[in-house]
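Structure first, commentary second.
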Amino acid sequence: MAAEDTASTRLGAGRQHLRPLKRRGLVLLRLTAIVLAVLLFCEFLIYYLVIFRCSWPAVKTPADAGGLGTPEPVLRAMFLADTHLLGAVRGHWLDKLRREWQMERAFQTALWLLQPEVVFILGDVFDEGKWSSSQAWADDVGRFWKIFRHPPHVQLRAVAGNHDIGFHYQMNTYKIKRFEKVFNPERLFSWKGINFVMVNSVALEGDGCDICSGAEAELLEISHRLNCSRKLLWWLRPRLVLSGHTHSACEVLHGAGVLEVSVPSFSWRNRNNPSFIMGSVTPTEYALAKCYLPCEDTVLTTYCTAAGGLVLLTLGHAGLVASPFHFGWNMLRKFKTT
């Protein structure tokens, strides 16, 4: 009988010893689940939730006006600007990791949800192209194609900016050719009866330099191919001008009645609320809409709130502060009693 009592006592003591370990394991499991849920939301789901609200703008066609005949084809085009992939000189590894992950998730999510047919990047693709070495340039280009990878049926075109080849006094033929080796050097891109003219505005200083003269000659040749006659707006007679460089969205109506739209930066490094332009374009009409990406401060606020909650849960389990559940329950009971 005494032996049985001793065994029961030992078994009870063992169970009591296991209970704290079990509670600690459950708390650790809960904390891990919360951390994983927050990471999943901030690094993946938030991009789908925000970009899902974007839709292609409707464009008027002759069929909409009651006209007869074959409907005009509509081209879905995405316009990005100022991605500024950081280089080897000014790019801190943490800054690179954070900004490039944001752009990769935003771009890949937009491709999957919106299904564009062509993507234009309007300058300053890289941040240090104007002075990067050959090895640094190769590294930057490799990271670019990883971030902005796309299926073969999607066209991607880029225009050089001052950070890619330098300002007018910094650019040279080597930098321009290096950029054009990565991106298609054709100035005229045509699809579905729509003509896009890719202009290197850095080379339009008008001082007669060799590079400037070459750029002007290319535009003049394009103007002849498009059956146009005189200077840039008069040479090409565009319906719409889209540009980058400012990092912000703005509109300018030129004297010829041509609208110019400045496309905001695509990166958190330049804006808290980056965005891009969606264009539905036909041979005769166009419609534009802006699609916002997740705000950086929303993600940071979510992380800070989650971190604060984890600290409170940990302190509550350790008995240093009352757990939020018990604190709220006690306050409710006290309110009912009074």
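Heavy-atom basis, side chains included; hydrogens, waters and symmetry copies ignored.
Residues that satisfy the ring-ring contact (aromatic ring centres under 6.0 Å, His included) test with F183, not counting sequence neighbours, are F144, W145, F179. By the side chain to side chain contact (heavy atoms under 4.5 Å, CB included) test, Y292 pairs with N273, S275, K290, sequence neighbours left out. Partners of W101 according to the ring-ring contact (aromatic ring centres under 6.0 Å, His included) rule, which considers only residues two or more places apart in sequence or in another chain, are F44. Scored by the ring-ring contact (aromatic ring centres under 6.0 Å, His included) test, W137 finds F126 as partners (sequence neighbours excluded). Contacts of C42 classified as disulfide bond (SG atoms under 2.5 Å apart), with partners at least two apart in sequence or in another chain: none. Considering only residues two or more places apart in sequence or on other chains, H245 meets the ring-ring contact (aromatic ring centres under 6.0 Å, His included) condition with none of them. Partners of T173 under the side chain to side chain contact (heavy atoms under 4.5 Å, CB included) rule, at least two apart in sequence or in another chain, are K177, I211. Take W112 and apply the side chain to side chain contact (heavy atoms under 4.5 Å, CB included) test, not counting sequence neighbours, and it matches Y48.
Without hydrogens or angle criteria, R157 side chain to E186 main chain gives no donor-acceptor distance under 3.5 Å. T83 contributes a side-chain N or O that, together with a main-chain N or O of V125, makes up a donor-acceptor pair within less than 3.5 Å. Of the possible polar contacts, one joining the R271 side chain to the H247 backbone as a donor-acceptor pair under 3.5 Å is found. Between the side chain of K130 and the main chain of M171, no donor-acceptor pair closer than 3.5 Å is present. Judged purely by atom type and a 3.5 angstrom limit, Q108 uses its side chain to pair as donor or acceptor with the backbone of R149. A donor-acceptor pair under 3.5 Å is absent between the side-chain atoms of D127 and the main chain of H163, judged by distance alone. S280 places a side-chain N or O within donor-acceptor distance of the main-chain N or O of P57, the cut-off being under 3.5 Å. Checking side-chain atoms of W56 against main-chain N and O of L114 turns up a donor-acceptor pair under 3.5 Å.
Between E104 and K146 there is a salt bridge, since at least one side-chain N of the basic residue sits less than 4.0 Å from a carboxylate O of the acidic one.
Nearest heavy atom pair, residue L86 against residue E100, reads N-OE2, 4.1 Å. The two residues N195 and S190 make their nearest non-hydrogen contact at OD1-OG, 2.6 Å. Here the closest non-hydrogen pair linking G129 and S132 is CA-OG, 3.7 Å. Scanning both residues, L75 and E117, for their nearest heavy atoms gives CA-OE1, 3.5 Å. In terms of heavy atoms, P274 sits closest to S267 at CB-N, 3.9 Å. Closest approach of P283 to I194, counting heavy atoms only: N-CG1, 3.8 Å.
With rounding to the nearest 0.5 angstrom, the OG1 atom of T305 is 10.5 Å from the CG atom of L300. Note that CZ of F266 is 12.0 Å distant from CG of D82, once rounded to the nearest 0.5 Å. Distance check: R143 CZ to K96 NZ gives 4.5 Å after rounding to the nearest 0.5 Å. Residue L111 holds its CG atom at 6.0 Å from CE of M78, rounded to the nearest 0.5 Å. With rounding to the nearest 0.5 angstrom, the CG atom of N162 is 8.0 Å from the CG atom of D164. To the nearest 0.5 Å, atoms CZ (F79) and CD1 (I121) are separated by 12.0 Å.
Residues R178 and V182 have side chains not in contact (no heavy-atom distance under 4.5 Å, counting atoms from C-beta outward). I34 is listed as a side-chain neighbour of L313, based on a closest heavy-atom distance under 4.5 Å. Counting only heavy atoms from C-beta outward, the side chains of R105 and E43 never approach each other to under 4.5 Å. In this structure the side chain of D140 never reaches within 4.5 angstrom of the side chain of L85, judged on heavy atoms. Contact check for W131 versus V89: side-chain heavy atoms found under the 4.5 Å cut-off. By the 4.5 Å heavy-atom criterion applied to side chains, R239 and V281 are counted as neighbours. Proximity of L240 to L288: side-chain heavy atoms (C-beta onward) are separated by under 4.5 Å at one or more points. V199 has its side chain out of reach of V159: every pair of non-hydrogen atoms, C-beta onward, lies at least 4.5 Å apart.
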Could you check L293 against V50 for side chain to side chain contact (heavy atoms under 4.5 Å, CB included), going step by step and ending with a plain yes or no? CA-CA 6 Å; L293 304 180; V50 173; 5.6 Å; no

V119 and F276: CA distance, side-chain angles, deciding distance, side chain to side chain contact (heavy atoms under 4.5 Å, CB included) verdict: CA-CA 10 Å; V119 178; F276 60 91; over 6 Å; no

Under the side chain to side chain contact (heavy atoms under 4.5 Å, CB included) rule, what do V118 and W191 come out as? Steps first, then yes or no, please. CA-CA 9 Å; V118 60; W191 199 358; 4.1 Å; yes

Before giving the answer on side chain to side chain contact (heavy atoms under 4.5 Å, CB included), spell out for W268 and V299 the whole-Å C-alpha distance, their side-chain angles and the decisive distance to 0.1 Å. CA-CA 11 Å; W268 274 346; V299 174; 3.8 Å; yes

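Grouping Ile, Leu, Val, Met, Phe, Trp and Tyr residues whose side-chain heavy atoms lie under 4.5 Å apart, directly or via other members, leaves L36 alone, with no other cluster members.
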Contacts table for residues 255-264: side-chain donor-acceptor under 3.5 angstrom, sequence neighbours left out:
{"residue": "E260", "atom": "OE1", "partner": "H254", "partner atom": "NE2", "Å": "2.7"}
{"residue": "E260", "atom": "OE2", "partner": "S243", "partner atom": "OG", "Å": "2.9"}
{"residue": "S262", "atom": "OG", "partner": "T246", "partner atom": "OG1", "Å": "2.6"}
{"residue": "S262", "atom": "OG", "partner": "S248", "partner atom": "O", "Å": "3.1"}

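Cluster annotation: L97 is not connected to I46 through the hydrophobic network of ILVMFWY side chains, with a link wherever side-chain heavy atoms come within less than 4.5 Å. In terms of hydrophobic clustering, with Ile, Leu, Val, Met, Phe, Trp and Tyr side chains grouped at heavy-atom distances under 4.5 Å, V241 and V252 are assigned to different clusters.
Other residues, nucleotides and ligands place more than 12 heavy atoms under 6.0 Å from the OH atom of Y303.
For the side-chain hydrogen bond (donor to acceptor under 3.5 Å, both in side chains) with E296, the lone residue among R99, Q102, R269, R98 that qualifies is R99.
Sorted by first then second residue, the disulfide (SG to SG under 2.5 Å) pairs that include residues 91-195, not counting sequence neighbours, number zero. Listed by first and then second residue, the disulfide (SG to SG under 2.5 Å) pairs involving residues 272-302 are C54-C291 (not counting sequence neighbours).
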